Amino acid sequence: MHVLQKTQKIVRYQNQNGKVYYGIDEGEVILQLSSNFTELVSRQIKYDGIEVKYKDVKVLEPVEPSKIVNFGWTYTEHAKETGGKANLKEPFLFLKPLSSLIPDKGTIFLPPSHLTKQVEFEGEVALVIGKRGKNIKEEDALNYVFGCTILNDITARDLTKTDPQFTRGKGFDTFGPLGPCIVTGIDPSNLRIVTTLNGDVVQDGNTSQMSLTIPYLISWVSQIMTLEPGDILATGSPSGSCPMNSGDVVVVEVEKIGKLCNYVQ
């Protein structure tokens with residue numbers, strides 16, 4: 001049994017035999033683990049002695065959460081560009097269904113045009129919760145974070161502008177790309193987020209620009225719902241969100257984490 005190092009990249013993948021494992025990203029290869037997620041969040045890892053190449057496996061969503069919690073309008077300019085409210089005193093909260101999740105290199109399927117005519121991307125830093133928490137104190141909040149990953153909060157913008165709540169516009173299948181890995185031991189409060197559409201930079205922001213702090217968001221939402229290990233907390237998107245079309249490629253890159261790439265169809 002080894003102790004998880006402070007900063008490591010953890011991936012979840014399926015091998016050619018259909019079996020699912022966690023592993024430690026070592027560049028072109030993955031050190032395969034026999035540890036499950038519960039063992040990982042307790043910082044105990046078990047190597048099984050096998051190394052696999054990225055090209056030989058299918059990378060999956062890095063975690064199977066019980067819920068996907070999203071904070072909206074946490075960046076002033078994004079709130080303004082989408083018709084939201086800037087500089088909120090309390091977070092704007094919504095959930096995405098688990099059926100929205102797809103992994104890195106997965107396909108975002110645009111709904112039929114009679115359901116929505118304006119689908120946009122939102123690159124975000126997402127927190128992966130590492131231990132159960134309720135009524136968490138703000139000063140203790142980061143102790144409940146196992147690591148960080150990337151979420152692309154795909155949004156039917158025409159629906160979120162007309163519906164009284166965001167479930168429909170945020171909840172279509174494939175509207176939650178997540179991954180490619182969980183990175184432990186990094187500070188989520190100062191991470192650059194760059195989103196490209198077909199190679200052109202369309203979003204360039206930093207979590208330091210958020211109008212509400214990450215510890216505050218964790219503490220605040222834990223007063224409403226119990227946070228469970230593996231839960232995803234998406235911290236909001238900087239400005240630059242714009243429509244996608246079939247054939248597009250969207251890449252969300254977050255420093256110290258990596259790139260989440262998805263194809264639009």
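Here, residue 1 is the first one in the sequence, and each next residue gets the next number. What you see is a predicted model, and the numbers here were worked out from it, not measured in a lab.
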- With no hydrogens and no angle check, is any side-chain donor or acceptor of T174 less than 3.5 Å from a backbone partner on F109? yes
- Any chance NZ of K58 has more than 12 other-residue heavy atoms, nucleotides or ligands included, within less than 6.0 Å? no
Is it true that, when you exclude K19 itself, more than 12 heavy atoms of the residues, nucleotides or ligands shown sit nearer than 6.0 Å to its NZ?
no
- prompt: Is a donor on one side and an acceptor on the other found under 3.5 Å between the side chain of E255 and the backbone of R192?
  reply: yes
Fill in: Cationic N near anionic O, under 4.0 Å, E122 to R157
yes
Could you go step by step and tell me if I10 and Y22 meet the side chain to side chain contact (heavy atoms under 4.5 Å, CB included) rule?
CA-CA 7 Å; I10 299 168; Y22 278 99; 3.7 Å; yes
In terms of heavy-atom contacts, S222 and G133 come closest through CB-O, 4.4 Å
Treating Ile, Leu, Val, Met, Phe, Trp and Tyr as nodes and any side-chain heavy-atom pair under 4.5 angstrom as an edge, say whether L88 and V221 lie in one connected cluster. no
Is there a donor-acceptor pair closer than 3.5 Å between any side-chain N or O of S241 and the backbone N or O of F121?
-> yes
If you define the side chain from C-beta out and look only at heavy atoms, does anything of V59 sit under 4.5 Å from K105? no
- Working for side chain to side chain donor-acceptor pair (under 3.5 Å), residues N15 and D56: CA-CA 7 Å; N15 69 11; D56 295 332; over 6 Å; no
**Asked** Do E39 and L33 have side chains that get closer than 4.5 Å, going by heavy atoms?
**Response** no
Are any side-chain N or O atoms of D204 and backbone N or O atoms of V194, one a donor and one an acceptor, separated by less than 3.5 Å?
no
Should K96 and F166 be marked as a side chain to side chain contact (heavy atoms under 4.5 Å, CB included) after you check the CA-CA gap, both sets of side-chain angles, and the distance that decides it?
CA-CA 9 Å; K96 290 178 88 81; F166 278 15; over 6 Å; no
Original post:
Are any side-chain N or O atoms of S35 and backbone N or O atoms of K46, one a donor and one an acceptor, separated by less than 3.5 Å?
Top reply: yes
Taken in chain and number order and not counting sequence neighbours, the residues that satisfy salt bridge (Lys or Arg N to Asp or Glu O under 4.0 Å) with D248 are none
Does K131, at its NZ atom, have more than 12 non-hydrogen atoms belonging to other residues, nucleotides or ligands within less than 6.0 Å? yes
Any non-hydrogen side-chain atom of V183 less than 4.5 Å from a side-chain atom of T7? yes
Q) Tell me, do T207 and D187 make a side-chain contact under 4.5 Å, heavy atoms counted? A) no
*asked:* Using side-chain heavy atoms (C-beta onward) and a distance below 4.5 Å, is P91 in contact with T74?
replied: no
In short, S237 meets G123 closest at the heavy-atom pair OG-O, 3.4 Å
task = Please say whether more than 12 non-hydrogen atoms of neighbouring residues, nucleotides or ligands are located less than 6.0 Å from CD in E64.
result = no
### Query
With no hydrogens and no angle check, is any side-chain donor or acceptor of D231 less than 3.5 Å from a backbone partner on E228?
yes
Counting distance only, does the side-chain N/O of T107 pair as donor-acceptor with the main-chain N or O of V264 below 3.5 Å? no
Inset, instruction - Could you tell me whether R43 atom CZ has more than 12 heavy atoms of other residues or ligands within 6.0 Å of it? - result: yes
Report task. Measure the shortest side-chain to side-chain distance between P188 and L127 over non-hydrogen atoms and say whether it is less than 4.5 angstrom. Result -> yes
* Hey, are D158 and T116 close enough side-chain-wise for a donor-acceptor pair under 3.5 Å? -> yes
Side-chain donor/acceptor of S208 to backbone N/O of S189, under 3.5 Å = no
Applying side chain to side chain contact (heavy atoms under 4.5 Å, CB included), run through V63 and F146 and close with a yes or a no. CA-CA 11 Å; V63 70; F146 173 57; over 6 Å; no
Verdict with supporting geometry, L95 and T167, side chain to side chain contact (heavy atoms under 4.5 Å, CB included):
CA-CA 7 Å; L95 301 175; T167 301; over 6 Å; no
Inset, instruction - Report yes or no: does S219 contribute a side-chain atom to a donor-acceptor pair with the main-chain N or O of P215 at less than 3.5 Å? - result: no
Quiz item: More than 12 foreign heavy atoms under 6.0 Å from CD of E28: is that the case here?
Solution: no
Exercise for the section: Could you verify whether a donor N or O on one side chain and an acceptor N or O on the other, from T195 and Q203, lie under 3.5 Å apart? Expected result: yes
When you check the side-chain N and O atoms of S42 and Q44, is any donor under 3.5 Å from an acceptor? no
- prompt: Any sub-3.5 Å donor-acceptor pair from T184's side-chain atoms to Q8's backbone N or O?
  reply: yes
Item to complete: Flag the pair L60 / Y21 as yes when at least one side-chain heavy-atom distance between them is below 4.5 Å, and no otherwise.
Response: no
* Assess whether atom NZ of K137 is packed by more than 12 heavy atoms of other residues, nucleotides or ligands within 6.0 Å. => no
Given the options D163, T160, T155, K170 meets side-chain hydrogen bond (donor to acceptor under 3.5 Å, both in side chains) only with T155
- Message: Quick one, P177 and D104 - any side-chain contact, counting heavy atoms below 4.5 Å?
- Response: no
